[in-house]
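Worksheet: the structure to be examined is printed underneath.
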Protein chains: 2
Amino acid sequence: MPLESVDISKTASAATIIFDALKKAIIEGEIEEGAPLRQDEIARMFNTSRIPVREAILRLEEHGLVRSQRYKGAVVSSLSSTEASEIFDFRAVLEPHVIHHAVPRMTRETLAQARGFCEAFHRETDPMQWGDLNRQFHATLYDASGLTYHLEAIDGALNRIDRYLRAQLVLSRGMSRANDEHMQIQEACERGDADKAAELTRQHILGARDSLILHLSSITG
Amino acid sequence: MPLESVDISKTASAATIIFDALKKAIIEGEIEEGAPLRQDEIARMFNTSRIPVREAILRLEEHGLVRSQRYKGAVVSSLSSTEASEIFDFRAVLEPHVIHHAVPRMTRETLAQARGFCEAFHRETDPMQWGDLNRQFHATLYDASGLTYHLEAIDGALNRIDRYLRAQLVLSRGMSRANDEHMQIQEACERGDADKAAELTRQHILGARDSLILHLSSITG
DNA sequence: TTATTGCATATTGGATCCAATTTACAATAA
DNA sequence: TTATTGTAAATTGGATCCAATATGCAATAA
């Protein structure tokens with residue numbers, strides 16, 4: 001047939017649109033911890049009824065991003081420093097395994113793309129962009145592993161601590177240190193040294209954990 | 001006050017009841033892979049409207065237990081052998097770490113309770129019970145770690161492959177082999193040998209993976 | 001026969017309404 | 001004042017209704 005087949009972009013459901021928007025706002029810290037999510041307030045913001053809002057909130061709760069009590073509503077989840085620390089440890093177990101599996105499967109395109117993000121991260125002057133570029137760099141390397149279940153679990157863990165990671169990058173030496181470590185990881189991957197890439201990744205995560213915990217305890221005592 | 005304080009068992013919401021029931025039925029294989037979940041059919045079964053059913057199905061989807069397409073409904077997720085294999089690998093990364101962390105934190109009660117499940121598993125003659133006792137044994141040991149985020153992730157992974165694990169235990173040497181390995185893990189924990197417990201756990205999982213994959217490929221080719 | 005079209009039915013997504021519960025606050029009593 | 005009680009408003013959970021889409025089948029044309 002002479003017509004080009006065009007992907008009719010089936011507009012997502014209202015519930016999905018609201019879910020994505022709330023997820024982004026919560027992850028990036030736009031809504032603060034403990035803040036309540038009022039169903040009809042959100043419904044008005046999206047010009048829908050409360051039904052898709054409730055579905056979005058339910059899905060967020062399954063990911064641990066909000067906590068809700070019957071008849072009392074949902075609030076954005078907060079993390080104690082021990083909970084945050086455990087999630088870093090979780091990442092420190094999974095991510096070295098994933099990158100080790102990924103290194104022998106990385107293509108030239110993978111490495112070029114990762115290097116692009118790595119350098120963009122280095123050059124970027126807007127702190128609001130650091131968090132995204134950081135995640136894109138790591139995700140590009142990890143994606144080569146093809147371990148979709150692992151990747152989803154890592155993504156969920158990152159979502160839970162994303163606002164802390166962003167705060168961390170703004171700290172005195174957070175950005176420059178992350179940048180140095182990214183460069184080392186990138187180079188290990190380019191050399192095909194899976195063991196080194198895995199160990200550097202582990203230390204990258206545990207270092208971030210320790211510096212964050214130190215920071216949190218210096219604030220709250 | 002002279003009255004005993006009694007926990008008024010606040011009846012769970014309809015959505016939660018339906019969610020739990022569907023989750024159990026899917027995990028245990030009572031509903032077969034690919035089977036559609038009709039909203040009003042389920043609603044009639046629970047004497048509710050479709051609203052709580054939809055919420056339950058949405059939550060199941062977030063856990064990967066069902067897949068749904070817009071206007072087409074939800075079906076029970078199926079797993080390819082490569083997907084199943086990856087989930088075993090995922091467990092093989094996390095569970096040794098968790099038990100290693102748990103061993104020095106195990107109390108006499110922990111060990112006694114685990115030994116109870118271990119022996120009950122050994123004695124049990126009803127294959128329908130094997131799956132539960134197997135999970136209870138491991139969960140008892142893991143719980144001592146206090147790593148709640150890890151435990152949730154492991155639980156989610158187990159839910160995805162539970163029906164295969166159950167099938168596996170019924171295979172020729174599945175039950176007796178699992179039993180031997182449980183005994184060794186139990187003894188390592190009682191000796192306080194965290195390294196050994198972790199390594200045995202790793203082999204326990206990878207052995208199950210290999211035997212399952214072998215079995216699946218012998219069926220489907 | 002075989003493929004295609006059109007329509008009736010089935011099913012899901014969302015809006016609106018009502019019920020159940022919590023929360024805020026005023027009224028009252030110690 | 002301070003604690004307690006009662007009531008109204010706010011909020012969530014669920015039921016019912018309508019809209020949007022998919023599915024199955026009969027009718028038709030090649």
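Order of the sequence lines fixes the chain letters, A, B, ..., with proteins taken first and strands second; residue numbering starts at 1 for each chain. In what follows, every heavy atom counts, from backbone to side chain, and hydrogens, waters and symmetry copies are set aside. Since the structure is predicted, the reported quantities are computational estimates derived from the model, not experimental observations.
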For A/A114, which residues count as a side chain to side chain contact (heavy atoms under 4.5 Å, CB included) partner, sequence neighbours excluded?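 A/A114 satisfies side chain to side chain contact (heavy atoms under 4.5 Å, CB included) with A/F137, A/T140, A/L141, A/Q186 once adjacent residues are dropped.
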Just by protein heavy atoms under 4.0 Å, how would nucleotides 10-21 of chain C read 5' to 3' in B, S and -? -SBBBBB---BS
My understanding is that only residues two or more places apart in sequence, or in another chain, count here; which of them pass side-chain hydrogen bond (donor to acceptor under 3.5 Å, both in side chains) with [X]?
X: B/S81; value: none
X: B/D20; value: none
X: B/E109; value: B/T107

Pairs in or reaching into residues 151-161 of chain A: which pass side chain to side chain donor-acceptor pair (under 3.5 Å), with residues at least two apart or in two chains?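 Non-adjacent pairs meeting side chain to side chain donor-acceptor pair (under 3.5 Å): A/R135-A/D155, A/R135-A/N159.
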